[in-house]
Amino acid sequence: MDVPDEQTPRQVPPREGVSPRAVEKSLREYGRGIAGGLLFSLPLLYTMEIWEEGVLARPEALLLYLLATFVLLLGYNRYGGFRQDVNWAEVFTDSVEELGLGLLISTVVLFLTGRITPDTSWREAVGMVAVEASIVAIGVSVGTAQLGGDDSPRREDQRNKAERVPGQLIIGFCGAVLFASNVAPTDEIQVIAVESSPGKLLGIALLSLVLGGLILYQLDFTRARRLTHRVKAWDMLWGTVVTYALALASSTLVLWFFGRFPETGLFVCVAEVVVLSLAGTLGASAGRLLIQS
């Protein structure tokens, strides 16, 4: 009977688990998400009107706002996210993580800036964090997907998916919300709206349409030709109008949530939407071209 040599090393089966490379990749993705969240939302985190809205907002409004944000995250991660061939379970998981990061970042920044203190009531703290976290979460989603340098075929496949009509609309709406939310809580929107004549409001609307059309079809922004190389004049007009409609819709929703519709009449409410839609149009049109590329 042969006796095995004790000096012969035994074959140890490889341990199952997460590889260091996978951990490093995940940490980089989280880092990009945090950077993106701060990049797009830092003005809001430093805006007094946002703090006040968080304190005054009703619980049902905060819940609705977070739910709407989560729906936007689902749409963006489905059509403009980083992963290739994702299923809805993965999209849901990514969206939950991004919303969680948004809540965490908002809590940390508000605490460090002295907005949340031991004397702050739970209701006020939760309100401020919830309002801030919505835009931070969208920034986290965009940062995770777009701030990396990967230009592999899977990114190419994801771009092709983003170029479909539903993807363009969702990404455009995310861009409009991202831009409009940075301006909507300020008092300047209402001041401009009250002081603007119908002629000036018409001028703002025309300027929004012109800028949206130029960004989408004429200024050769990054990868713009991927969307516009075979576009006809009617398609350009239709695309510009749809982009402006996205800006109007997002501006209305954001202004409503932040309580910016005064009780002074319909004209001022419409004027505020038109004024804010200039920023929304920039976000929607640039989002369709830049965020997805």
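Basis for what follows: all heavy atoms, side chains included, without hydrogens, waters or symmetry-related copies.
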Determine, stepwise, if the pair Thr240 / Thr243 fulfils side-chain contact (heavy atoms from CB on, under 4.5 Å). CA-CA 5 Å; Thr240 301; Thr243 300; 5.7 Å; no
Residue pair Asp94, Glu98: steps toward the side-chain contact (heavy atoms from CB on, under 4.5 Å) verdict: CA-CA 6 Å; Asp94 289 344; Glu98 290 157 359; 4.3 Å; yes
Can you label the angle between the Phe257 ring and the Tyr65 ring as parallel, tilted or perpendicular, going by 30° and 60°? parallel
Under 6.0 Å from the CZ atom of Phe261, do we count more than 12 heavy atoms belonging to anything else shown? yes
Does Trp51 use its side chain to pair, donor to acceptor, with the backbone of Leu110 at less than 3.5 Å? no
Verdict with reasoning, Thr117 to Thr120, per side-chain hydrogen bond (donor to acceptor under 3.5 Å, both in side chains): CA-CA 5 Å; Thr117 67; Thr120 305; 3.2 Å; yes
Derivation of the side-chain hydrogen bond (donor to acceptor under 3.5 Å, both in side chains) call for Asn77 and Glu90: CA-CA 9 Å; Asn77 288 326; Glu90 294 171 317; over 6 Å; no
Would a distance-only check, ignoring hydrogens and angles, find a side-chain to backbone donor-acceptor pair under 3.5 Å from Ser181 to Leu178? no
Do side-chain atoms of Ser134 reach the backbone of Ala130 as a donor and acceptor pair under 3.5 angstrom? yes
Short question: side chain of Ser41, backbone of Leu44 - any donor-acceptor pair under 3.5 Å? no
Determine, using the 4.5 Å side-chain heavy-atom cutoff (strictly less than), whether Ile50 and Met48 are members of one ILVMFWY cluster. no
Between the main-chain N or O of Pro185 and the side-chain N or O of Arg260, is there a donor-acceptor pair closer than 3.5 Å? yes
Report yes or no: does Ser250 contribute a side-chain atom to a donor-acceptor pair with the main-chain N or O of Ala247 at less than 3.5 Å? yes
